[in-house]
Structure formats: C-alpha cells, structure tokens
Amino acid sequence: MSLELGDTDPSESRAGEGAVLAAFPATPSRVTFNKFELSRILGLYGRKVASGEWRDYAIDFHKDRAVFSVFRRTAEVPLYRIEKNPKLSRRQGAWRVVSATGLIVKVGHELDRVLRELDRVSLRVVS
C-alpha cells in the first residue's frame, strides 16, 4: 500500500485532535450510593417488605443527588424518598428522608440516624 500526497498514516498522531476532544467534555459524573449505603438502605427495605408495608422501590442517579424511592404500590407516588445530596453535607447533612407530600421527615449527616426514623416499629391496631 502506498500513500499519496496529502494522505497520512493512520497510526500517526494528529496534533490538533486533542483540542477538538477538549471542546467536548466527558459526561458529568453522577451521585451514587456506595456499597455500604446501599446495603443499609436495602436492609431497611427488606424489613419493611417482610412486614408488608413496602412493596416496590426505584433508584435514580442525578448529577446533584441520588434518590432511593419506596412505594406501597408501583402505580402510586413514593411513600418516602431517601436522598443523598453531597452539596448539603457541610450544612444540614447529605442525607434526608422526604415523605410523599414533600415534607422533610429527617435530615442528617449520618445515614443510620436518618434511616432510624423510617425503621421505627409501626404499631397496627388489630380488632
């Protein structure tokens, strides 16, 4: 194979190509739950499913926060949202539990303390 005038070898590096790639930044990172956090949340979820209170969940990862939503039924709005927002970690705390109505149930710096609010034993009156 011979190269014609103006053709370049594909294995050669091109000097201006790096500038073009820098103009298009990589996709922005997303906030996620780490293995320990997800384990703690799913532990609570499992206990609530066993007691018949919760039946479904959804996990959403956004640029600024990660959300674990729990549902009584799939077609409904979430009963609670467990949110992790690292931007708020120095102020109120990165963790919050939000009810279906949008009321902030608990805010804190530690996941276990925030989950304790949801882990309370629910008393049912049986007649």
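Note that these values count all heavy atoms, side chains included, but never hydrogens, waters or copies made by symmetry. Numbers for residues simply follow the sequence, beginning at 1.
By the 4.5 Å heavy-atom criterion applied to side chains, R73 and D56 are not counted as neighbours. At a threshold of 4.5 Å between non-hydrogen side-chain atoms, the residues F71 and L79 do not count as touching. Using a 4.5 Å heavy-atom cutoff, the side chains of D60 and H62 are in contact. Side-chain contact between R47 and D119: present, with at least one pair of heavy atoms (C-beta onward) separated by less than 4.5 Å. A 4.5 Å side-chain heavy-atom check between I59 and V67 finds every atom pair outside the cut-off. For the pair V98 and V105, the minimum side-chain heavy-atom distance is 4.5 Å or more.
Here the CZ-CG distance, from R116 to L111, works out to 10.5 Å after rounding to the nearest 0.5 Å. Considering CD of E117 and OH of Y80, their distance stands at 8.5 Å, rounded to 0.5 Å.
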Exercise. Dump the intermediate steps for side chain to side chain contact (heavy atoms under 4.5 Å, CB included) on W54 and Y45, then the final yes or no.
Key: CA-CA 7 Å; W54 297 349; Y45 175 77; 3.7 Å; yes
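Judged purely by atom type and a 3.5 angstrom limit, E37 uses its side chain to pair as donor or acceptor with the backbone of N34. Formation of a donor-acceptor pair under 3.5 Å by the S99 side chain with backbone atoms of L103 is found in this model. Of the possible polar contacts, none joining the K48 side chain to the G43 backbone as a donor-acceptor pair under 3.5 Å is found. Put simply, the side chain of K87 never gets that close to the backbone of D64: no donor and acceptor are under 3.5 Å apart.
Partners of R96 under the salt bridge (Lys or Arg N to Asp or Glu O under 4.0 Å) rule, at least two apart in sequence or in another chain, do not exist in this structure. Remark: R55 engages no residue in a side chain to side chain contact (heavy atoms under 4.5 Å, CB included) (not counting sequence neighbours).
For the residue pair E53 and R72, the shortest heavy atom distance occurs at O-NE, 3.9 Å. Between R81 and S69 the shortest heavy-atom distance is CG-OG, 3.7 Å. A pairwise comparison of heavy atoms in V31 and F61 identifies O-CD2, 3.2 Å as the closest pair. Annotation for W95 and E110: closest pair CD1-C, 4.1 Å, computed over non-hydrogen atoms.
Cluster annotation: L115 and L88 are assigned to distinct hydrophobic clusters (Ile/Leu/Val/Met/Phe/Trp/Tyr, side-chain heavy-atom contacts under 4.5 Å, transitive). Under the 4.5 Å side-chain heavy-atom criterion for grouping Ile, Leu, Val, Met, Phe, Trp and Tyr, V107 is not connected to V114 through any hydrophobic cluster. No continuous path of ILVMFWY side-chain contacts below 4.5 Å connects I104 to I82, so the two sit in separate hydrophobic clusters.
In this structure, F68 has its ring center closer than 6.0 angstrom to the ring center of Y57.
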